[in-house]
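Below: the structure, in structure tokens.
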There are 2 protein chains.
Amino acid sequence: MARTKEFNEDKALDKAIEIFWHKGYNGTSAQDLVTHLGLSRSSLYDTFGDKQKLFAKALKKYHEENYIKIKEILEASVNIKETLSVIFKLAIVESLEDRITKGCFMVNSSVELAMHDEEIAKIVTMNSQLMEEVFTNAVKKGQEAGHISKKLEAKVLARFIFNNYSGIRVLARTGERNKQVYDDIVKAVFSVL
Amino acid sequence: MARTKEFNEDKALDKAIEIFWHKGYNGTSAQDLVTHLGLSRSSLYDTFGDKQKLFAKALKKYHEENYIKIKEILEASVNIKETLSVIFKLAIVESLEDRITKGCFMVNSSVELAMHDEEIAKIVTMNSQLMEEVFTNAVKKGQEAGHISKKLEAKVLARFIFNNYSGIRVLARTGERNKQVYDDIVKAVFSVL
DNA sequence: TTTATTCAGGAACGATTGTTCCGTTTTATT
DNA sequence: AATAAAACGGAACAATCGTTCCTGAATAAA
């Protein structure tokens with residue numbers, strides 16, 4: 001009985017991820033959203049509720065997509081150490097190529113909002129836990145296969161890897177464009193594995 | 001010929017660091033500043049210019065104090081490895097004790113503003129360079145004294161250490177309160193040194 | 001064709017934003 | 001005591017904030 005939506009909600013959400021990722025939550029105005037998503041104020045609020053809800057939904061989508069991607073890559077991997085190296089290299093290439101250095105949407109959101117917004121804090125915590133889990137399982141597999149040193153526990157290494165991944169994303173956000181800096185960090189990280 | 005200031009500019013700046021650190025730049029309103037610094041709008045603007053200038057001045061002060069502190073500790077150290085361990089432990093204790101988890105003002109500001117504000121970007125870059133320099137010199141000294149492995153170059157290790165320091169500060173900002181997570185990261189980091 | 005629903009556009013909302021200005025008070029110097 | 005400079009509190013500014021509401025157009029089902 002009703003008119004059909006003229007926009008794709010999923011694509012609109014991707015646009016929301018883009019603009020929030022670039023400008024942050026507080027830095028993105030309602031007008032920015034209208035302009036960037038390309039839909040009217042009324043449609044925007046009818047569809048997503050309000051700015052906070054839209055942000056939470058965008059962050060959740062970002063988390064799901066990234067988490068699944070890394071999970072699948074690691075679970076399909078036969079040589080975890082090499083796969084981890086690929087994951088880091090991808091993050092570095094992304095950091096160096098991006099004209100507008102956006103860093104990592106999850107890291108940015110943690111820093112800006114985790115302590116002021118409970119719902120965002122939940123998403124961040126869930127992401128951290130799942131990432132730790134995925135990395136831990138991967139490291140275990142790598143240790144069993146003899147590709148990764150057993151000197152340190154899998155969970156210890158997983159947390160260590162994730163910490164350096166976060167650090168690199170912060171570095172990217174600051175606009176660091178010297179590849180050598182990233183390579184040095186990865187080199188040191190892999191000397192542990 | 002003029003009236004004397006009723007407030008201490010330096011102490012007001014410390015208050016500004018506090019509120020900006022806690023709420024971020026965009027999250028802190030002019031009213032927040034008036035309330036927290038305890039001085040009138042007119043005094044605030046007469047003394048510091050505007051919000052952006054006040055923020056930059058606060059961040060610069062934060063940088064100078066922290067940089068000098070770490071520099072002095074490391075230069076006075078006889079066992080660099082132990083001193084680095086102390087520095088990390090202090091950061092962890094600070095993270096776990098702080099009721100309102102503020103993370104690191106420099107990291108927070110990098111993520112929120114570095115790519116949108118050139119002056120802030122300059123401060124962040126300067127801080128990174130100086131910290132890298134201090135850490136590099138320290139590692140060199142540690143390597144010469146035989147306390148730190150020479151397997152990797154001093155600069156590589158310095159960047160690696162700084163990256164993990166940043167990562168830990170992000171973790172703190174997310175509100176992580178499990179000490180084991182921090183300890184695991186430090187354990188892995190020190191296995192390289 | 002009618003009806004019900006939801007779309008898009010934009011005007012308008014009150015609240016809050018960062019900032020300025022004014023009138024008064026204070027005080028060090030002359 | 002007179003003067004000049006600056007700090008003070010608070011009113012007021014225009015602009016922008018996130019959000020709501022109203023209008024008419026569009027369209028799928030009855």
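Each chain gets a letter, A, B and so on, in the order the sequences are listed, and its residues count up from 1.
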Discussion item. Ignoring hydrogens and geometry beyond distance, is the side chain of B:Ser40 in donor-acceptor contact with the base of D:dG10 at under 3.5 Å?
Written reply: no

Item to complete: Would you classify B:Asp50 as touching base, sugar-phosphate or nothing, given that sugar-phosphate means primed atoms plus P, OP1 and OP2, and contacts are heavy atoms under 4.0 Å?
Response: sugar-phosphate

Discussion item. Can you give me the closest heavy-atom contact between B:Lys15 and B:Leu37, atom names plus distance?
Written reply: CB-CD2, 3.4 Å

Worksheet item: Under 6.0 Å between ring centres, would you say that holds for B:His22 and B:His36?
Response: no

Item to complete: Please find out if less than 6.0 Å separates the ring center of A:Tyr165 from that of A:Phe160.
Response: no

Discussion item. Below the 4.0 Å mark, does D:dC17 have OP1 or OP2 next to a side-chain nitrogen or oxygen of A:Ser29?
Written reply: yes

Item to complete: Report yes if at least one side-chain N or O of B:Ser43 is closer than 4.0 Å to OP1 or OP2 of D:dC8; otherwise report no.
Response: yes

Discussion item. Ring-plane angle category for B:Trp21 and B:Tyr62, please: parallel below 30°, perpendicular beyond 60°, tilted otherwise.
Written reply: perpendicular

Whole-Å gap separating [atom2] ([N]) and [atom1] ([X]):
{"X": "A:Leu33", "N": "D:dC17", "atom1": "CG", "atom2": "P", "value": "11 Å"}
{"X": "B:Gln31", "N": "C:dT19", "atom1": "CD", "atom2": "C1'", "value": "13 Å"}
{"X": "B:Arg41", "N": "D:dG9", "atom1": "CZ", "atom2": "C1'", "value": "11 Å"}
{"X": "B:Leu54", "N": "C:dG18", "atom1": "CG", "atom2": "P", "value": "12 Å"}

Worksheet item: Between A:Gly49 and A:Asp32, which is nearer to the 5' end of DNA chain D once each is assigned its nearest nucleotide?
Response: A:Asp32

Worksheet item: Nearest of C:dG10, D:dG18, C:dC21 to any side-chain atom of A:Tyr45?
Response: D:dG18

Worksheet entry | Listed nucleotide nearest any side-chain atom of A:Ala30, set D:dG18, C:dG18, C:dG10 | D:dG18

